[in-house]
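See below for the structure under consideration.
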There are 2 protein chains.
Amino acid sequence: MAGIKDVARVAGVSAATVSRALSGNGSVSTSARERVTRAARDLGFVLSYPASALASGRSRNIGVVLPFISRWYFSTVLEGIASALTEAGYDLTLYNFQKDKFREKVLTDFLQRNRTDGLIAVALQLDDQEIGQLRASGLPTVGVGGPLQGIPTIRIDDRAVSRQATDHLIGLGHTRISHIGGENEEGHSFPISLGRRAGYTSAMQAASLPVLPAWSIISDYTTSDAYRQAKQLLADPVQRPTAFFCASDEMAMGAMMAARDLGLRVPDDLSVIGIDGHETGDILGLTTLDQSARQQGVRAVHRLLGQLGPTPADVGPADEILPARFLLRTSTAAPRRDQTVTAPPSSTVQVGL
Amino acid sequence: MAGIKDVARVAGVSAATVSRALSGNGSVSTSARERVTRAARDLGFVLSYPASALASGRSRNIGVVLPFISRWYFSTVLEGIASALTEAGYDLTLYNFQKDKFREKVLTDFLQRNRTDGLIAVALQLDDQEIGQLRASGLPTVGVGGPLQGIPTIRIDDRAVSRQATDHLIGLGHTRISHIGGENEEGHSFPISLGRRAGYTSAMQAASLPVLPAWSIISDYTTSDAYRQAKQLLADPVQRPTAFFCASDEMAMGAMMAARDLGLRVPDDLSVIGIDGHETGDILGLTTLDQSARQQGVRAVHRLLGQLGPTPADVGPADEILPARFLLRTSTAAPRRDQTVTAPPSSTVQVGL
DNA sequence: CTGAAAGCGCTAACAA
DNA sequence: TTGTTAGCGCTTTCAG
């Protein structure tokens, strides 16, 4: 393995100049740069990361913390982050909570080892103490999806987007609308789920529409759970809604499959709208609000890298709210007449959040 | 930021002992270990990774190279890898080709910076020169999914599993079976796709069944592309198959949706079988061969870490073939009589691989 | 623009 | 078991 000195010798310069030429820091004459570059290529030399990191204090490595990998939103955001980081010449170290299994370990051990120059937290639900641990790492941090106390976050306005989705259904004439979303998880507030549910509730209230308790469904964001729960509700002739607003496309697809398996047609018998912009929604005709997940990841990287430069750019904790794009496809339509006129059952009650 | 010397002073020992106590290498008396641990905790001290890596030559970091993240197989394998690495106290650095966009950059730059102790290559399709670059990194490497010249790989037997899937359809009485799979990509052999197609072809040949050219479909592994291609084929009354064997569950689901949109029922009018074990396949009733993707990732980590210890375990390049579990659900059944008796069109030809 | 020299914070002999 | 002593391979003042 050739070292920096070998390159220096071959190029006829000092190790310092090799460092400057190869790292891009400091000024080097064009001719010296060329000789160094060629010598490095010939010798198959690449700067050692640990050594550079130790000497300079910067590692050109960003940590990404997330609770899941294989769900659509997370893997899509991750792809955006990975792409932007590679382009910028940064490495990406992945920290996965695996739901909660490694939550503690990641927060206390891994993040403190200053292996990274900064952190991106994707849809993390942290309590105050955990946010404290995160900040104790002293690393510049940017969040993606869902507000994080005191940390600038790239996200959509969950409440407004959800309200828009629900209003779309209401505008079509639906009055019996159910919401499938997430919940406030044990001890950890989950602002994304809460915000989306709040958007649904506020839209229903604004339209003076009742919300049956059975219509406010708590799921785990998987297609299969949404399928099961939607099926159960749809099978009940008394409580059956004419439309679903789902907090994710994966759940919306589950609801569509449930309807089909019950012999209900979408959108004739049931309208479904989601949030995400999942590619597969296209062929199912799923109407949705595209939150450009990949772009959220890209933006987070740019924002974070902007803070790392010699002139730290925007440092404020202000959140950056990305717009969601309404994709009207074929899963939503006006309810059938005989459904609309059906008065809500007398047991109807208003349910607040 | 407290340094190792501060801890040493507080604990009343030397820096070397602090290092030994905290890293777990070398022997330390119980009392010294306790004092060091407490002092470190009190001072909020954690060993610096770059410094440790530089001094010891080991980084406790594994690189994972993959061409995609957001597809089911890749994100699931990645989750298995991440889980096993976290458990072992290793970090995970992600290198994503993004199909081909960063292929060159990752191979030539990123991997050579010896930031990692080893590499896991997931379903990579590399030509000889690229494999050379990979090995030039000098890092212990393990592959996952699809053979890699000279690199021990954890995988299923693509050909055998595909043959089993096809034989299942043949056993049910199907004679008009189409395969949706991948291809040999520009310059890069793609052993996974080739192996699966070979399994299909050999099963058909063994049963003396013809394979129409239109039945051998090349897709990009996405649900939507498989949907479009399956729909087109199914819409052709002359060439329409009675069954699909798909190289992935995501494509199989696309085929099922295509059938439904054409008014065909699964399995009455069309049987579909996939490979993967995708969770969503469950609610669709998709018959498949579960390749336990997550487990492949876990195994790869154990195998790789086994090579890193002081006593390198099994070093041989022998591949480790994992079994696939046959999940019989409701998407496959015997073809309807009137379909079976239809003789293949006279234009039928045998297509070899 | 370039070189010399002094570390960055830890680990690994080697001795004790 | 523990301390001492050299570095690991770069980066970065500081001069020139």
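Lettering follows sequence order; numbering is per chain, from 1. Values below: all heavy atoms of this structure, side chains included; hydrogens, waters and symmetry mates excluded.
- We find the CZ-CG distance between A:R294 and A:L78 to be 10.5 Å, quoted to the nearest 0.5 Å.
- Proximity of the aromatic rings of B:F68 and B:F74 is defined here by a centroid distance below 6.0 angstrom, and this criterion is met.
- Distance, A:R33 CZ to C:dT2 C1': 13 Å, rounded to whole Å.
- End-to-end axis angle of the helix from C:dC1-D:dG16 to C:dA16-D:dT1, from C1' rotation axes over five pairs per end: 20° (rounded to 10 degrees).
- Salt bridge annotation for B:R299-B:E320: present, with a cationic side-chain nitrogen under 4.0 angstrom from a carboxylate oxygen.
- We find that B:R60 and B:D91 are not joined by a salt bridge, their nearest charged nitrogen and carboxylate oxygen being 4.0 Å or further apart.
- Counting only N and O atoms by type, the side chains of A:T93 and A:N61 include a donor and acceptor under 3.5 Å apart.
- Checked by atom type and distance alone, the side chain of A:D319 pairs as donor or acceptor with a backbone atom of A:T153 at under 3.5 Å.
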Between protein and nucleotides 8-16 of chain D, map the contacts as a letter string: B base, S sugar-phosphate only, - none, heavy atoms under 4.0 Å, written 5' to 3'. BBBBBB---
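- In this structure, the side chain of B:E79 engages the main chain of A:S70 through a donor-acceptor pair within 3.5 Å.
- Between B:E87 and A:K105, none of the side-chain N atoms (NZ, or NE/NH1/NH2) sits under 4.0 Å from a carboxylate O, so this pair counts as no salt bridge.
- Remark: C1' of C:dG3 and CZ of A:R35 are 14 Å apart, rounded to the nearest angstrom.
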